[in-house]
Amino acid sequence: MDRNASEALPPPGHAEVRIVAATPDAARMVADVLRHCFAGGEQRSYPAPGGGTRLHLTVDTAQPAEPARSWLATSRPPSGTKPHSEEP
């Protein structure tokens, strides 16, 4: 039997991320990188087998984090613009 079969799926547009690392600092660094890309909720930390750290984080894949949103907004051409005259 699949050990994850009884777990409920996250809501549409969200993903559950589980990070397993040897130290809490390493797990937090990975979670911080994810938070720069996606909006997310509070992380939950648990001991991992063998003395490591297991960190759970829910991210909203439909809602980019603020820095990513700013970058996405500035990288898109303004609506209603036409190509430059030298472009076909």
Side-chain angles (χ1 to χ4, degrees):
M1 179 175 158
D2 182 7
R3 67 183 184 131
N4 296 322
S6 63
E7 290 184 32
L9 291 174
H14 290 78
E16 288 287 330
V17 180
R18 288 179 171 80
I19 302 163
V20 179
T23 66
D25 288 337
R28 276 191 293 269
M29 285 191 293
V30 173
D32 287 343
V33 169
L34 288 171
R35 276 195 219 91
H36 284 292
C37 298
F38 303 102
E42 289 295 315
Q43 63 194 31
R44 295 154 326 269
S45 183
Y46 307 94
T53 296
R54 185 176 57 182
L55 192 142
H56 294 188
L57 177 69
T58 301
V59 296
D60 184 348
T61 60
Q63 184 76 25
E66 287 300 323
R69 184 176 307 133
S70 299
W71 176 84
L72 286 172
T74 59
S75 67
R76 292 186 182 132
S79 62
T81 61
K82 296 182 181 180
H84 296 279
S85 59
E86 64 271 2
E87 294 179 352

Specify the closest pair of heavy atoms between A26 and A21, including all atoms of both residues, with the distance to one decimal. CB-CB, 3.9 Å

For the residue pair F38 and T61, what are the closest heavy atoms and their distance? CD2-CA, 3.8 Å

Could you report the tightest heavy-atom contact between G13 and D60, atom names first, then the distance? O-OD1, 3.2 Å

How far does CE of M29 sit from CD1 of I19, to the nearest 0.5 angstrom? 11.0 Å

Q43 versus V17: any side-chain heavy-atom pair under 4.5 Å? no

To the nearest 0.5 angstrom, please state how far the CG atom of L55 sits from the OH atom of Y46. 9.0 Å

Just how far is it from atom CD of E16 to atom CG of L9, taken to the nearest 0.5 Å? 10.0 Å

Is the closest side-chain heavy-atom distance between R35 and L57 below 4.5 Å? yes

Using the salt bridge (charged side-chain N to carboxylate O under 4.0 Å, His left out) criterion, which residues pair with R54? Sequence neighbours excluded. none

